[in-house]
Every structure is written in C-alpha cells, then in structure tokens.
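As structure tokens, the structure follows; a few thoughts come after it.
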Amino acid sequence: MAEGSVPGEKALAQRGAVRGWLAGVSDALVSVFFPAGCRICDRLLTGSSRVPICGDCLSSFVPAPGITCEICGRPLAGWSPKPEQTLLCPACVDKTYAFDRARSFAAYQGALVDAILLLKFEQIAPLGAWFAERLAEVVSGEGNVMAADVVVPVPLHRQRERERGYNQAALLSRPLAKRLHLPHKAVLLMRIRARPDKRILSLEERWESVRGAFATRPGSQVDNLRVLLVDDVLTTGATLDACARALRDAGAKSVLGLTVARAVRNPMPNSSEW
Ligand SMILES: [Zn+2]
Ligand SMILES: [Zn+2]
C-alpha cells in the first residue's frame with residue numbers, strides 16, 4: 001500500500017486529536033454566539049453544560065418500571081413474586097449467560113434512543129461522561145454485587161472502529177473507570193469477527209453473529225480479575241454473554257455487564273414470546 005494513500009493509525013489519531021481540539025474551540029464559540037437547541041427536542045439550551053440535551057430530556061431517562069431479574073436485570077413486568085423469592089427470569093434459571101450480573105441505567109425508549117444514537121454516531125464525549133456518572137451511581141447503588149477490579153468496553157471490530165474513528169462504548173467506560181478509580185483496559189478484549197452488515201437480525205442470528213466473535217488479546221492479564229464490561233445498549237444479552245465467555249476462558253474471576261440502556265421488550269434466548 002502506497003505511503004500516504006491510507007493514513008496510518010498514528011496520523012489518524014493525531015488528526016482525531018486536532019479535530020477534537022477544534023471541535024472544543026468551536027463548541028465554545030458557537031455557544032457564545034449562537035444559543036444551541038437540545039439535540040433531541042430542539043428546546044433552547046440554557047446553562048453552561050456541554051451536554052447538548054435539555055434537562056427535560058435528560059430527566060426522561062428512567063429505569064423500566066417494576067421488578068427486574070436479580071442476575072441479568074431483565075424487566076419482569078407483570079410478575080408478582082412471593083416474599084423472599086429470588087427474582088430470576090427463565091433465562092437465568094437456565095443459567096444461560098456467562099456473565100455474573102448485568103445492570104443498566106435506564107429503559108431503551110423515548111429520548112434515550114436518540115441520545116444513544118448521538119453518542120454512537122456523533123462521538124459526543126460530554127454525553128458519554130454524563131452517562132458515565134449515571135453508571136457510577138448504578139454501580140454504587142448495587143454495593144458489593146458490582147464491585148470490580150478493571151473496566152473494559154465492549155470492543156468494535158478493528159475495521160469498524162477504524163471507519164468510525166472511535167468506539168462508543170469507550171466513551172462511557174473511560175470516564176466511568178476514572179470515576180470508580182479503576183484501571184481502564186480498552187484493548188484487553190477484541191472483536192475478532194465483524195458483525196454482519198445486515199441491520200435487522202433475528203434473535204437466533206443475533207446470538208449466532210456474536211458466538212465466538214470476541215477474544216482476549218494475547219498476553220493480556222485477566223487472571224482472577226473481576227471485569228466490569230461496559231456497553232451502550234443491552235438487547236438480548238448475547239454480546240455481553242459472548243464477551244464474558246472470552247474473559248472467563250482467559251481466567252476472569254467474574255464478569256459484570258453494565259449498559260446505559262436496557263431494551264424493555266427483552267427477548268429470551270430461543271423464544272419469540274419476550
Ligand atoms: Zn430536550
Ligand atoms: Zn435474568
């Protein structure tokens with residue numbers, strides 16, 4: 001490949017840093033001269049927050065109502081548990097998942113769907129930092145159950161990350177690690193098989209597309225660690241499960257999944273009822 005025709009990773013990173021700096025400068029100028037609207041509802045933004053979403057939209061992000069599975073966090077709408085009964089969804093009764101626990105900040109609906117898209121496709125770092133604060137609150141609210149030694153983002157395939165220029169999960173996991181005073185290991189896990197290009201995958205295809213798709217980087221230290229695995233959305237749990245299997249195989253003591261959003265309609269593996 002001819003030198004200069006394809007920018008190297010270093011050049012890309014430098015270009016990214018310059019772009020980030022310019023974006024920071026222009027953000028500041030724009031907010032002084034042109035009052036901005038909320039990126040979700042267009043209401044005029046007041047205050048000095050760099051999160052481009054208004055207070056009403058931010059406060060509309062709420063957990064799914066009702067009780068949830070103690071292991072995977074799946075909303076269990078309509079369940080009426082007996083006192084003292086451990087709340088486990090059918091998938092967790094069947095020990096479906098390789099992760100020990102999964103928790104999320106809020107239900108994947110309404111304005112949160114738009115906010116996740118902004119994070120995913122526009123790399124809005126202040127929004128990532130805001131979500132990271134919420135995720136840190138989820139972790140501390142769970143006490144020991146979510147205690148971890150290291151924070152790891154769910155990785156994109158190398159090709160996908162190169163095209164996009166960043167991994168949206170790392171926009172969450174990096175500030176979260178900082179907040180929790182834990183090491184952040186952005187390259188401990190890698191996605192070795194890309195997601196199929198097809199946008200809508202059936203439940204079965206979703207599980208199939210991630211099976212064996214992740215591996216730990218050779219030489220990385222995972223032994224006996226409690227890994228906090230971070231992603232933007234938990235839909236079926238298949239991705240977290242596949243990552244957890246790779247981490248477990250490499251000797252991780254436990255794997256805890258943490259996502260900003262949680263699908264409310266949460267299909268069970270091998271079922272069309274949920
Ligand atoms: Zn708004
Ligand atoms: Zn469950």
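Just so you know, these numbers come straight off a predicted model, no measurement behind them. In what follows, every heavy atom counts, from backbone to side chain, and hydrogens, waters and symmetry copies are set aside. For ligands, and for the atoms within them, numbers begin at 1 and follow the listed sequence.
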### Cation over ring face, R134 and W130, 6.0 Å, 45°
yes

### Message
Using the rule that Ile, Leu, Val, Met, Phe, Trp and Tyr join whenever any side-chain heavy atoms are under 4.5 Å apart, tell me whether V151 and L189 fall into a single cluster.
### Response
no

### Query
OG1/T239 to CG/L234 distance, rounded to the nearest 0.5 angstrom?
8.0 Å

### Query
What is the distance from atom OG of S202 to atom CH2 of W207, rounded to the nearest 0.5 Å?
13.0 Å

### Message
Would you say CZ of R193 has more than 12 non-hydrogen atoms from neighbouring residues, nucleotides or ligands within 6.0 angstrom?
### Response
yes

### Task
Kindly say whether A91 contributes a backbone atom to a donor-acceptor pair with the side chain of T96 at under 3.5 angstrom?
yes

### Message
Please report, to 10°, the angle around the Zn ion (ligand 1) from atom SG (C57) across to atom SG (C41).
### Response
110°

### Query
Angle subtended at the Zn ion (ligand 1) by SG of C54 and SG of C38, to 10 degrees?
120°

### Message
Taking E161 first and then R191, would you say they form a salt bridge - that is, a charged N and a carboxylate O separated by under 4.0 Å?
### Response
no

### Query
In the protein, how many N/O/S atoms are under 2.8 Å from the Zn ion (ligand 2)?
4

